[in-house]
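Just below is one structure, and these are the notes that go with it.
Bear in mind that the values here come from a model prediction, so they are computed numbers and not experimental data. Just follow the structure's listing: the first ligand is 1, and inside any ligand the first atom is 1.
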Amino acid sequence: MKVFKFGGASVKEASAVRNVAKIIQLFPDKKIAMVVSAMGKTTNHLEEMVAALWTKNEQLFHEKLAFIQQFHLQIVRELIPDVSHPIYEAIEKIVQELVSKYSHTLHENEDFEYDQIVSLGEVISTKIVAAYFEEIKLKSRWMDARRLIKTNHLYREGKVDWEKTTQNIQEQIIPAFESVDVVITQGFIGYTSEGFTTTLGREGSDYTAGILAYSLHAEDVTIWKDVPGMLNADPKWFDDTVKLEKISFKEAIELSYYGASVIHPKTLKPLQNKGIPLYVKSFIDPLASGTVIQESMDFDQLIPSFIFKMNQVLISLTPKDFSFIVEENLSDIFNRLAKINAKINLMQNSALSFSILLDADKIKLDKMMELFSDQYQVKYNDGLELVTIRHYDQATIDRVSENKTILLEQKTRQTIRMVMKDSQ
Ligand code: ASP
């Protein structure tokens, strides 16, 4: 049994959905558990709907909804022109569910509402794919991840209840494979003990694939993408990227931890624990080899990898009473940061100051100032970039730091990280 994950780009239009079916047909002797994301950029549009709901911007809310509706209808019309097909009613039902969100009393927790709304992108997407597969007589079944992936109540970042989830997956998916070859379910979403919907964090569909593979003891997982595999740098910043043929779980976890956005970082642990290889392959060229992530570390050192994080802000905190930065105030600083759910990309301390690097678009600087100004002097430096190089040498360092001023640098044997800004 195999697990396949198809992301938003792989189902962004009717021809893309047809291509997904063709990929499935390349594996006629296999049972495939298939995880599908929301189509194209639907999740972003749904996020904007939630924001419009919260700011009571009714016009924007309805504009976004109309866009989402038309976008999906357009795809369905091309795949299944018969408008009496039940898929049209299924889409209308979801649209009505979204319409009703504007008039109902909002839950006090915005994250709760976010999950109830944003999750519907995956629901519509999988319904369309399943309806199309049925049309072309691919033996498949739609399955609701809101009955499979059980999480806690941390909306927008549900933590998986592994015991119950594994049980659900085994009880529901394994018997289904007696009568169908493909099970189609939603990535990214789960449910709480009360049956409310949760999400697993942006880009969480990869993680769902990892969870399914772990629970089903799959032979492998393939993430189908619009790139030929895992590259040693984002082609946005480098024009001579190299594909990594084979790397270890450890290396892939390090790369995704530092910000390589090819795979959701949580995906790899369940696969590593069961020794299930993960392939990253191109949905445009499905027979090409792609990248395989597996146990052996023999190939990790071959090619240096570069990870860029732009728009960083470096904040330094200095205790006003001139006390040293030691365990006590470190724990105080971390407690405060946890309160605003700050995600630290890099940190460093000296005797009197503690510096942290954060994504500028994920924090509010004035909140940050307010949070610390009672006991700390807060200074910041923005417009920075963070570069991480795995398996670096001097030539690679020179290449990325040309015309840059380095504000901070951290080095281990395998990894160098530099916080830089453009030289004046
Ligand atoms: N649709 C979700 C997102 O865009 C989950 C995913 O695609 O992995 O973040």
Side-chain angles (χ1 to χ4, degrees), residues 3-13 16-17 19-20 33-51 64-65 67-68 71-72 75 91 94 98 110-111 113-130 142-146 148-149 151 154-160 165 184-191 197-214 221-227 230 252 256 259-271 278-283 293 343 359 361-362:
V3 173
F4 283 0
K5 181 259 172 169
F6 291 95
S10 67
V11 288
K12 69 172 194 242
E13 54 204 5
V17 177
N19 183 53
V20 165
M34 186 175 153
V35 173
V36 185
S37 300
M39 293 177 156
K41 301 266 177 248
T42 302
T43 306
N44 293 354
H45 294 292
L46 287 163
E47 278 191 345
E48 287 177 56
M49 273 182 77
V50 178
K64 284 284 154 196
L65 178 55
F67 177 85
I68 291 168
F71 171 71
H72 288 94
I75 294 175
I91 294 178
I94 295 169
L98 285 168
E110 183 175 349
D111 293 344
E113 292 290 354
Y114 176 102
D115 282 2
Q116 312 317 303
I117 293 175
V118 172
S119 56
L120 293 175
E122 266 68 14
V123 177
I124 310 189
S125 152
T126 49
K127 291 223 162 171
I128 295 175
V129 172
W142 181 84
M143 228 171 251
D144 196 336
R146 295 165 299 181
L148 294 172
I149 313 289
T151 72
L154 194 56
Y155 294 100
R156 285 187 82 156
E157 222 168 312
K159 298 274 168 296
V160 173
T165 298
I184 304 165
T185 195
Q186 309 78 45
F188 176 58
I189 70 176
Y191 73 100
T197 306
T198 49
T199 62
L200 308 175
R202 284 301 307 261
E203 313 291 332
S205 295
D206 292 354
Y207 186 34
T208 307
I211 299 167
L212 288 190
Y214 177 94
V221 177
T222 306
I223 296 187
W224 296 95
K225 297 194 70 97
D226 54 2
V227 285
M230 231 170 139
S256 58
S261 57
V262 181
I263 303 162
H264 189 283
K266 285 188 189 161
T267 313
L268 293 155
K269 180 177 181 288
L271 301 180
L278 171 72
Y279 292 86
V280 180
K281 289 191 178 200
S282 159
F283 59 72
I293 301 167
K343 300 245 172 355
D359 291 329
D361 57 1
K362 296 210 184 102

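For E203, the side-chain contact (heavy atoms from CB on, under 4.5 Å) criterion is met by H264, not counting sequence neighbours. Here K64 pairs with H45, E48 under the side chain to side chain donor-acceptor pair (under 3.5 Å) rule; sequence neighbours left out. Take K362 and apply the side chain to side chain donor-acceptor pair (under 3.5 Å) test, not counting sequence neighbours, and it matches D359.
For the residue pair I75 and V11, the shortest heavy atom distance occurs at CD1-O, 4.3 Å. The shortest heavy-atom contact between L212 and A33 is CD1-CB, 4.3 Å. Among all heavy-atom pairs drawn from D115 and Y155, the shortest one is OD2-CA, 3.2 Å.
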So what's ligand 1 close to, N/O to N/O, under 3.5 Å?
unit_1, atom_1, unit_2, atom_2, d
ligand 1, 1 (N), T43, OG1, 2.7
ligand 1, 1 (N), E122, OE2, 2.6
ligand 1, 4 (O), T43, OG1, 3.3
ligand 1, 4 (O), R202, NH2, 3.0
ligand 1, 7 (O), S37, OG, 3.0
ligand 1, 8 (O), E203, O, 3.4
ligand 1, 8 (O), G204, N, 3.3
ligand 1, 8 (O), S205, N, 3.0
ligand 1, 8 (O), S205, OG, 3.1
ligand 1, 9 (O), R202, NE, 2.6
ligand 1, 9 (O), R202, NH2, 3.4
ligand 1, 9 (O), E203, N, 2.7

